[in-house]
Amino acid sequence: QVQLVESGGGLVQAGGSLRLSCAASGRTFFRYIMAWFRQAPGKEREFVAGISQSGSTYYADSVKGRLTISRDNAKNSVYLQMNSLKPEDTAVYYCAAGRTEVPDSASDMRYWGKGTLVTVSS
């Protein structure tokens, strides 16, 4: 079993940056594909970015070029560097772990953190 704890959310002005972190428990972190999802008020949870065990990355079209996902298997951690933030990026951001091939579907992810709130003011 994997437990995930997100951190790094907060309030930022449009155009600013934030770096989210997700710390995972357990010794099998390296076996999981990792991803970030987000859920804005009144909207469904959506895929943001994912990274495979070997470091291949996946991004939603809406965040390409602005957000960067990375992982450090030695530290059991995954990160989301968020640049050029927009008000529409406002959401609760969730870290997720799974054993799927491509991490872009919430239903395929096995473990979830409780989320961290990102608010981007205009």
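- Contact between P103 and F37 at its shortest, heavy atoms only, is O-CZ, 3.5 Å.
- Without hydrogens or angle criteria, N76 side chain to G26 main chain gives a donor-acceptor distance under 3.5 Å.
- Sorted pairs that involve residues 33-94 and meet disulfide bond (SG atoms under 2.5 Å apart), not counting sequence neighbours, are lacking altogether.
- Remark: the backbone N or O of K75 is paired with a side-chain donor or acceptor of S77 at under 3.5 angstrom.
- Contact annotation: the side chain of I69 never approaches that of Y58 to less than 4.5 Å [non-hydrogen atoms, C-beta and beyond].
- Here the closest heavy-atom approach between residue Y93 and residue L80 is recorded as CD2-CD2, 4.2 Å.
- By the criterion of side-chain heavy atoms lying less than 4.5 angstrom apart, applied directly or through intervening Ile, Leu, Val, Met, Phe, Trp or Tyr residues, Y59 is grouped together with M82 in one hydrophobic cluster.
- Shortest non-hydrogen contact noted between A91 and R38 is CB-CB, 3.8 Å.
- More than 12 heavy atoms of other residues, nucleotides or ligands sit less than 6.0 Å from atom CD of E46.
- Residues meeting the salt bridge (Lys or Arg N to Asp or Glu O under 4.0 Å) test with E88, sequence neighbours left out: none.
- Heavy-atom minimum distance, S17 versus Q81: CB-NE2, 4.1 Å.
- Heavy atoms only, all atoms of each residue included: Y79 and S21 are closest at CD2-OG, 3.4 Å.
- Checked against side chain to side chain contact (heavy atoms under 4.5 Å, CB included), Q53 has the following partners two or more places apart in sequence or in another chain: I33.
- No single ILVMFWY cluster, assembled from side-chain heavy atoms under 4.5 Å apart, contains both V5 and L20.
- For residues 18-122, every residue pair satisfying the disulfide bond (SG atoms under 2.5 Å apart) rule, not counting sequence neighbours, is listed here: C22-C95.
- Partners of K43 by side chain to side chain contact (heavy atoms under 4.5 Å, CB included), not counting sequence neighbours, listed by chain and number: A40.
- Contact of the W36 side chain with the V78 side chain is registered, since non-hydrogen atoms from C-beta on lie closer than 4.5 Å.
- A salt bridge is defined here as a Lys NZ or Arg NE, NH1 or NH2 lying under 4.0 Å from an Asp or Glu carboxylate O, and D89 with K86 fails to meet this definition.
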Please table the atom pairs, donor to acceptor, closer than 3.5 Å between any side-chain atom in residues 105-122 and protein atoms at least two apart or in another chain.
residue : atom : partner : partner atom : Å
S105    : OG   : S107    : OG           : 3.0
T116    : OG1  : G9      : N            : 3.1

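- The structure places CG of N73 at 8.0 Å from CZ of F30, a figure rounded to the nearest 0.5 Å.
- A cation-pi geometry, defined here as NZ or CZ lying under 6.0 Å from the six-membered ring centre and within 45° of its normal, holds between R99 and Y32.
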